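Before any comments, here is the structure.
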Amino acid sequence: DAMAFCQWLSQRTGRRFTLPTEAQWEWACRAGSAAPLAFGGVDADWAPWANLADVSFRAGLMHDGVRQQTGGLEHLMLDGADLSDGRCNDRAVVTAPVGSFQPNAWGLFDLHGNAAEWTLSEYRPYPYRDDDGRNAVNRGGRRVVRGGSFYDPTRRSRSAARLDYPAWQRVFNVGFRVVCGIEPPAGVAAGEDSVGEDPGHPSKPRSIQRDPKGRSLLAGDFQRTPPD
């Protein structure tokens with residue numbers, strides 16, 4: 001479904017949209033940081049930055065003795081509640097609107113928590129190789145999921161943390177974001193170009209971040225869509 005959306009969007013816009021590889025995803029998530037999370041360590045107060053399993057999640061699962069639901073599925077309450085962090089309160093029980101928390105240093109929202117994210121990459125052991133077929137679009141197998149969700153503690157939401165699911169499986173706390181490939185204009189170095197205007201600052205060009213291979217990640221324009 002995620003790749004079908006990318007194909008539809010590509011046809012609609014005339015630009016090439018796809019899911020990020022897990023290398024692209026981690027590069028964008030870290031935004032230059034070597035810490036476990038883009039904003040610090042796993043013991044930091046992450047509430048301003050991320051929607052993870054916290055006090056709100058633990059308490060909100062039960063209301064008048066009835067289990068709450070998301071995505072039409074009952075939570076695995078005991079598992080999620082037991083893993084939640086009682087020190088922090090992000091004030092969201094399940095998913096929150098995109099952009100509710102502070103972005104990373106490159107202006108990208110919700111890379112940690114809210115909804116975990118599909119990547120293009122097939123799950124394989126490290127070392128990572130971009131040319132070994134793991135990023136082939138038409139392969140089946142298990143695909144890497146990154147970022148963690150409202151259901152996950154910080155250790156499962158680190159920049160380097162990897163989960164995996166069969167490519168066909170719909171998972172109640174997993175969504176996706178897309179990347180758009182844009183060729184750099186002639187004479188412009190990677191990471192130094194701009195396109196359009198920042199909606200919040202009409203006179204300010206909107207920056208494009210590039211991964212080490214020159215593929216572009218449009219800062220601030222990512223949207224994830226958790227499944228119903």
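Nothing fancy with the numbering, it's 1 onward along the sequence. On a predicted model such as this, the values are computed, not experimentally measured, just so you know.
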Discussion item. Restricting to side-chain contact (heavy atoms from CB on, under 4.5 Å), what partner residues turn up for Q169, sequence neighbours left out?
Written reply: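 side-chain contact (heavy atoms from CB on, under 4.5 Å) check on Q169 returns Y165, P166, V171.
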Fill in: Sequence-distant partners of S100, side-chain contact (heavy atoms from CB on, under 4.5 Å), two or more places apart
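S100 satisfies side-chain contact (heavy atoms from CB on, under 4.5 Å) with A96, P97 once adjacent residues are dropped.
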Measuring from atom [atom1] of [X] to atom [atom2] of [Y], what distance do you get when rounded to the nearest 0.5 angstrom?
X	Y	atom1	atom2	result
N135	R124	CG	CZ	8.5 Å
W118	L19	CH2	CG	9.5 Å
S121	R146	OG	CZ	8.0 Å
N51	S157	CG	OG	9.5 Å
L120	F176	CG	CZ	13.0 Å
N104	C29	CG	SG	7.0 Å

Item to complete: Report the C-alpha separation of D164 and V145 in whole Å, then their side-chain angles, then the decisive distance to 0.1 Å, and conclude whether the side-chain contact (heavy atoms from CB on, under 4.5 Å) test is met.
Response: CA-CA 5 Å; D164 63 286; V145 168; over 6 Å; no
For the side chain of [X] and the backbone of [Y], is there at least one donor-acceptor N/O pair under 3.5 Å apart?
X	Y	result
H112	G147	no
Q24	T21	yes
R30	A35	yes

Fill in: Summary of salt bridge (charged side-chain N to carboxylate O under 4.0 Å, His left out) pairs that have at least one residue in residues 90-105, sequence neighbours excluded
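Those involving residues 90-105 do not exist here.
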Discussion item. Restricting to non-hydrogen atoms, name the atom on A53 and the atom on P153 that form the minimum distance, rounded to 0.1 Å.
Written reply: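 Reported closest heavy-atom pair: CB-N, 4.2 Å.
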Worksheet entry | Closest heavy-atom pair and its distance - F17, C180 |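 For F17 versus C180, the nearest heavy atoms are CE2-CB, 3.5 Å.
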Worksheet item: Taking the hydrophobic residues Ile, Leu, Val, Met, Phe, Trp and Tyr, and joining any pair whose side-chain heavy atoms are under 4.5 Å apart, which ones share a cluster with W168?
Response: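 ILVMFWY cluster around W168 holds nothing else.
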Worksheet item: Under a single-linkage rule joining Ile, Leu, Val, Met, Phe, Trp and Tyr whose side-chain heavy atoms are separated by less than 4.5 Å, which residues share a cluster with Y128?
Response: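 The other cluster members (ILVMFWY side chains, heavy atoms under 4.5 Å, direct or chained) are Y126.
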Practice prompt. Dump the intermediate steps for side-chain contact (heavy atoms from CB on, under 4.5 Å) on F109 and W49, then the final yes or no.
Written response: CA-CA 9 Å; F109 293 90; W49 305 89; over 6 Å; no
Side-chain heavy-atom pair [X], [Y] within 4.5 angstrom cut-off:
X	Y	result
E122	V144	no
M3	V137	yes
L111	R177	yes

For [X], enumerate each residue passing the side-chain hydrogen bond (donor to acceptor under 3.5 Å, both in side chains) test, keeping only those at least two apart in sequence or located in another chain.
X	value
S149	D152, N173
R129	D131
T119	none
R158	none

Worksheet entry | Which residues share a salt bridge (charged side-chain N to carboxylate O under 4.0 Å, His left out) with R16, sequence neighbours left out |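 If we apply the salt bridge (charged side-chain N to carboxylate O under 4.0 Å, His left out) test to R16, skipping adjacent residues, there are no hits.
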Worksheet item: Partners of R162 by salt bridge (charged side-chain N to carboxylate O under 4.0 Å, His left out), sequence neighbours excluded?
Response: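 Result, salt bridge (charged side-chain N to carboxylate O under 4.0 Å, His left out) vs R162: E22.
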Listed pairs under 3.5 Å, donor-acceptor, residues 39-48 side chains, sequence neighbours left out:
{"unit_1": "D45", "atom_1": "OD1", "unit_2": "A47", "atom_2": "N", "d": "3.2"}

Worksheet item: Under the side-chain contact (heavy atoms from CB on, under 4.5 Å) criterion, do F5 and Q7 qualify, and how do the steps go?
Response: CA-CA 5 Å; F5 174 83; Q7 292 167 5; over 6 Å; no
Practice prompt. Before giving the answer on side-chain contact (heavy atoms from CB on, under 4.5 Å), spell out for Y123 and R143 the whole-Å C-alpha distance, their side-chain angles and the decisive distance to 0.1 Å.
Written response: CA-CA 5 Å; Y123 186 89; R143 297 285 169 161; over 6 Å; no
Fill in: From CA spacing to verdict: ring pair (Phe, Tyr, Trp, His ring centres under 6.0 Å), Y151, F172
CA-CA 10 Å; Y151 187 74; F172 77 96; 5.4 Å; yes
